[in-house]
Q: 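Okay, here's the structure, questions in a sec.
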Number of protein chains: 2
Amino acid sequence: MAAKWNIGKINHVAIATPNIEKAASMFKDVLGAKVSEKHPQPDHGVYTVFVELGETKIELLNPLGDKSPIQNFLDKNKSGGMHHICIEVDNINEAMKDLKAKGVRLLSEDAKIGAHGKPVVFLHPKDCNGVLVELEQV
Amino acid sequence: MAAKWNIGKINHVAIATPNIEKAASMFKDVLGAKVSEKHPQPDHGVYTVFVELGETKIELLNPLGDKSPIQNFLDKNKSGGMHHICIEVDNINEAMKDLKAKGVRLLSEDAKIGAHGKPVVFLHPKDCNGVLVELEQV
């Protein structure tokens, strides 16, 4: 039976940082990459800065508000570090159904609208080689 | 003054794993990605498996031999996790000179030949937002 969904390219690698201005400056002024402005994403509890590096971006994340989903990671990793990797899929609902059937735990029952305005879901790191994996439908 | 070197795309994201067969199977059988065979890289103290996901690959790493450079990481991260990110440059010697002048510490005095047969250098995570960054000349 043909798969009802397909995996695509890596959309972004997310780096959580305690100082997003310094991190953005490192990519812009030291490495010479093109970086976006800092965007508040109140629905996701983060500020974001995107670093353009070919078809896969780096997404810099800094906590916004009291319940930021990356605060716990930064408490454990004071200098910051790679937080998650986002891989594109063409049909997130079929992907979720298939992955659940294969025993992969999803971190939400339904896909949610992510920071790029597209449906996303996170997979449990324990089922993904210790890596927090986000799937985004594009 | 024009820069004498340019940053390029993300070449790969490296994931260190205690079980490379299981990690490769996760990407191949669960996510449906194209994965390479397992390659021993005795000069680098690792086995590698490459996962093709558009122009940026995932590189799965597993220790080979007694002095593997990823053993310490796996001792601290038992289930594995994201180990480093590799970004391409067009002139590694100019990049190294420039980064040194900007106060970024390099993990080796000279570029070395990496797992893809091309010159590479690692930057100190403390100077890169807590992330181990590899530069590769392509």
Side-chain angles (χ1 to χ4, degrees), chain A residues 3 5-20 22-34 51-58 60 74 77-85 87-89 95 98-99 101-104 123 125-133 135, chain B residues 3 5-20 22-34 51-58 60 74 77-85 87-89 95 98-99 101-104 123 125-133 135:
Chain A
W5 67 284
N6 295 289
I7 193 97
K9 64 182 173 72
I10 302 177
N11 183 282
H12 63 265
V13 179
I15 295 176
T17 171
N19 186 335
I20 200 164
K22 195 177 151 201
S25 165
M26 194 267 162
F27 280 102
K28 185 179 171 191
D29 303 321
V30 177
L31 292 179
K34 193 177 158 192
V51 182
E52 305 284 346
L53 292 168
E55 67 177 30
T56 296
K57 287 184 287 292
I58 286 178
L60 301 174
L74 283 175
N77 303 273
K78 305 278 180 210
S79 336
M82 285 190 276
H83 180 264
H84 70 264
I85 185 168
I87 308 178
E88 299 179 353
V89 296
D98 184 34
L99 291 173
K102 288 171 173 165
V104 176
L123 313 184
K126 290 218 166 136
D127 297 333
C128 299
N129 319 300
V131 176
L132 180 59
V133 174
L135 299 182
Chain B
W5 66 284
N6 296 287
I7 193 98
K9 64 183 173 69
I10 303 178
N11 182 281
H12 63 265
V13 179
I15 296 175
T17 171
N19 186 334
I20 200 164
K22 195 177 151 202
S25 165
M26 194 267 163
F27 280 101
K28 185 179 172 192
D29 303 321
V30 177
L31 292 178
K34 193 177 158 192
V51 182
E52 305 284 346
L53 292 168
E55 68 177 29
T56 296
K57 286 183 288 290
I58 287 178
L60 301 175
L74 283 175
N77 303 272
K78 304 280 180 207
S79 336
M82 285 191 275
H83 180 264
H84 70 265
I85 185 168
I87 308 179
E88 298 180 354
V89 296
D98 184 34
L99 291 173
K102 288 171 175 165
V104 176
L123 313 183
K126 290 217 166 137
D127 297 333
C128 298
N129 320 299
V131 176
L132 179 60
V133 175
L135 299 182

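So you know, we letter chains A, B, ... as the sequences are listed, proteins then strands, and number each from 1. Just so you know, these numbers use all the heavy atoms, side chains as well, and skip hydrogens, waters and symmetry mates.
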Q: Pick one of side chain, backbone, both or neither for B:Leu99, based on which atoms fall under 4.5 Å of a heavy atom in chain A.
A: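 Only the side chain of B:Leu99 comes within 4.5 Å of chain A.
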Q: Sort out for me which of A:Glu52, A:Lys57, A:Lys102 touches chain B most, counting heavy-atom pairs under 4.5 Å.
A: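 Max contact count across the listed options: A:Lys102.
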Q: Give the intermediate values and the outcome of side chain to side chain contact (heavy atoms under 4.5 Å, CB included) for residues B:Ile85 and A:Ile58.
A: CA-CA 10 Å; B:Ile85 185 168; A:Ile58 286 178; 3.9 Å; yes
Q: Test of understanding: with ring-ring contact (aromatic ring centres under 6.0 Å, His included), list the residues that count as partners of B:His12, not counting sequence neighbours.
A: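 ring-ring contact (aromatic ring centres under 6.0 Å, His included) list for B:His12, sorted by chain: B:His84, B:His116.
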Q: Could you look at A:Asn129 and say if it's the side chain, the backbone, both or neither that has a heavy atom under 4.5 Å from chain B?
A: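 Contact with chain B: backbone and side chain both.
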Q: Nearest 0.5 Å, please: how far is CD in A:Glu55 from OG1 in B:Thr56?
A: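 Going from the OG1 atom of B:Thr56 to the CD atom of A:Glu55 covers 6.0 Å.
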Q: If I measure from the heavy atoms of chain A, does B:Asp127 come under 4.5 Å with its side chain, its backbone, both, or neither?
A: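 When you check distances to chain A, only backbone atoms of B:Asp127 fall under 4.5 Å.
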Q: By a 4.5 Å heavy-atom criterion (distance strictly below it), what part of B:Met82 contacts chain A: side chain, backbone, both, or neither?
A: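 Both the backbone and the side chain of B:Met82 come within 4.5 Å of chain A.
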Q: Between B:Glu88, B:His83, B:Lys78, B:Met26, which has the largest tally of heavy atom pairs under 4.5 Å with chain A?
A: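 It is B:Met26.
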Q: Quick check on the interface: out of B:Gly103, B:Cys128, B:Ser79, who has the most heavy-atom pairs with chain A under 4.5 Å?
A: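 The option with the most such pairs is B:Ser79.
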Q: Has B:Lys28 got more than 12 heavy atoms of other residues, nucleotides or ligands less than 6.0 Å from its NZ?
A: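 Result for NZ/B:Lys28: open.
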Q: Which atoms of A:Asp29 are under 4.5 Å from chain B, going by heavy atoms: the side chain, the backbone, both sets, or neither?
A: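 When you check distances to chain B, only backbone atoms of A:Asp29 fall under 4.5 Å.
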Q: Would you mind telling me which of B:Ala95, B:Ala33, B:Gly32, B:Ala23 has the largest number of heavy-atom pairs within less than 4.5 Å of chain A?
A: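 The residue among B:Ala95, B:Ala33, B:Gly32, B:Ala23 with the greatest pair count is B:Ala23.
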Q: Pick one of side chain, backbone, both or neither for A:Ile87, based on which atoms fall under 4.5 Å of a heavy atom in chain B.
A: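 For A:Ile87, side-chain heavy atoms alone lie under 4.5 Å from chain B.
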Q: Does any backbone or side-chain atom of A:Val30 lie under 4.5 Å from a heavy atom of chain B? Answer side chain, backbone, both or neither.
A: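 Both parts, backbone and side chain.
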Q: At a 4.5 Å cut-off on heavy atoms, which part of B:Val104 comes close to chain A: side chain, backbone, both, or neither?
A: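 Just its side chain gets close to chain A.
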Q: Supply the atom-to-atom distance A:Ile10 CD1 to B:Leu53 CG, rounded to the nearest 0.5 angstrom.
A: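 Answer for the CD1-CG pair, A:Ile10 versus B:Leu53, is 5.0 Å.
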Q: Quick check on the interface: out of B:Leu123, B:Thr17, B:Leu31, who has the most heavy-atom pairs with chain A under 4.5 Å?
A: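 Most heavy-atom pairs under 4.5 Å with chain A: B:Leu31.
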Q: Restricting to side chain to side chain contact (heavy atoms under 4.5 Å, CB included), what partner residues turn up for B:Lys126, sequence neighbours left out?
A: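 Partners of B:Lys126 under the side chain to side chain contact (heavy atoms under 4.5 Å, CB included) test: B:Arg105, B:His124.
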